[in-house]
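Okay, so here's the structure we're looking at.
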Amino acid sequence: MNAHTVIVLDFETTGLSPDNGDRAIEIGAVKLVNGVITERFQELMDPGRPINYFIEDYTGITNQMLSSAAPCGEVMARFADFIQGHNLVAHNASFDKRFLDSELQRISADYDGDFACSLLLSRRLYQDAPNHKLGTLVNYKNIESNGSFHRALYDSEMTAKLWLVMLNDIEQQTSVSDVPFSLIQRLSKMPKKNIDTFLAKL
DNA sequence: TGCCAGGCCCTCTTTAGGGCCTT
């Protein structure tokens, strides 16, 4: 596991729950190496059945676009190779992890990274933010954006930028110069009220 | 046909309920 590399990923899906039969329709991801995006991954995938109007409207991904896409299994096999050996980051990671686990299980593939969640971290670092939706946090931290949210690659890039801002803010508050992934995971589970005290001791 | 999540986190809590996030 390369400690200085993470994959920031985002799924677009047919709905909220793979346990209810929902499938992935797009995966987007960026590879962050020492704080720089070095690779991108973006593919639509055909879930094998039509998506509803809400999803077409929400994502801008249409049934016509998916009709020419490769099946989920083909895309996810390529994605499994892309993430091999790296830790993973997503905004509300529990959501993306459920779909990653579900889609990879269907093709008997696996991955070896751990997840960290930018939503859980932001709730601790930015307790005064209006809310902790990805788009709100991007505005709150003055991250440059053209507003094209709800597509997988764009959201993964914005999550990556937010991630780097959060790492930088942690470094500014502490004497830590290269924030370990394990520290992020620990911070993300800590009671919110303890965060400032904890960071002050680092 | 009709149903429709799950984890986190707060509080008027723990024998529970509801808002926040993700599509």
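The shown structure was predicted, so the numbers you read here are calculated from the model rather than taken from an experiment. Residue numbers start from 1 in every chain, and the chains themselves are labelled A, B, ... in the order their sequence lines are given, proteins ahead of strands.
Look at NZ on A:Lys133: it is 14 Å from P on B:dG19, rounded to the nearest Å. As rounded to whole Å, 4 Å separates atom C1' of B:dT22 from atom CG of A:Asn92. As a whole-Å value, the separation of A:His91 NE2 from B:dG7 P is 18 Å. At whole-Å resolution of the value, CD1 in A:Ile55 and P in B:dT22 are 13 Å apart. In this structure, A:Leu119 places its CG atom 8 Å from C1' of B:dT22, rounding to the nearest Å. Between A:Leu100 atom CG and B:dT22 atom P there is a gap of 18 Å when expressed in whole angstrom units. Counting to the nearest Å, the P atom of B:dC9 and the CE atom of A:Met190 are 12 Å from each other. Look at CD on A:Gln127: it is 14 Å from C1' on B:dC8, rounded to the nearest Å.
One C1' atom belongs to B:dT23, the other to B:dG7, and the distance between them is 16 Å to the nearest Å. When the C1' atom is used for both B:dC21 and B:dT15, the distance is 28 Å, rounded to whole Å. Distance check on atom P: B:dG6 versus B:dT1 gives 24 Å, rounded to whole Å. B:dT13 and B:dC8 are spaced 15 Å apart, taking the C1' atom of each and rounding to whole Å. For B:dC12 and B:dA5, the C1' atoms lie 27 Å apart once the distance is rounded to whole Å. Taking the C1' atoms as reference points, B:dA16 lies 24 Å from B:dC3, given to the whole Å.
A pairwise comparison of heavy atoms in A:Ile55 and A:Gly15 identifies CD1-N, 4.3 Å as the closest pair. The two atoms that bring A:Met166 and A:Leu125 nearest to each other are CB-CD1, 3.7 Å, heavy atoms only.
Among the heavy atoms of the strands, none lies under 4.0 Å from A:Asp96. Using a 4.0 Å heavy-atom cutoff across all strands shown, A:Ile25 reaches no nucleic acid atom at all. Backbone-only engagement by A:Phe11 is indicated by non-hydrogen atom pairs under 4.0 Å involving sugar-phosphate atoms exclusively. As judged by a 4.0 angstrom heavy-atom cut-off over every strand, A:Asp155 is placed among residues touching the sugar-phosphate backbone only. Residue A:Asp22 is out of contact with every strand shown, counting any heavy-atom pair closer than 4.0 Å. Within the 4.0 angstrom heavy-atom criterion, base atoms lie near A:Asn20.
For A:Lys192, the listed nucleotide lying nearest its side chain is B:dC10; candidates were B:dC21, B:dA5, B:dC10. In this structure, the nucleotide among B:dC9, B:dG6, B:dT23 sitting nearest to the side chain of A:Arg124 is B:dC9. For A:Leu120, the side-chain atoms get nearest to B:dC8 when compared with the rest of B:dC8, B:dC21, B:dT23. With distances taken from any side-chain atom of A:Asp19 to the nucleotides B:dG6, B:dC21, B:dT23, the minimum falls on B:dG6.
Residue A:His132 places at least one side-chain N or O closer than 4.0 Å to OP1 or OP2 of B:dC21.
Of the charged side-chain nitrogens involved, none lies within less than 4.0 Å of a carboxylate oxygen, so that A:Lys161 and A:Glu144 do not count as a salt-bridged pair.
The only member of A:Ile170, A:Asn168, A:Asp169 that meets side chain to side chain contact (heavy atoms under 4.5 Å, CB included) when paired with A:Val179 is A:Ile170.
Judged by distance alone, the side chains of A:Asn146 and A:Tyr154 do bring a donor and an acceptor atom under 3.5 Å apart. A donor-acceptor contact closer than 3.5 angstrom is absent between the side chains of A:Asp22 and A:Ser17.
Nearer the 5' end of DNA chain B, as judged by each residue's closest nucleotide, is the contact made by A:Arg123, out of A:Arg123 and A:His150. Residue whose closest nucleotide on DNA chain B sits further toward the 5' end, between A:Ser94 and A:Thr14: A:Ser94.
Within 6.0 Å of NZ on A:Lys31 lie more than 12 heavy atoms contributed by other residues, nucleotides or ligands.
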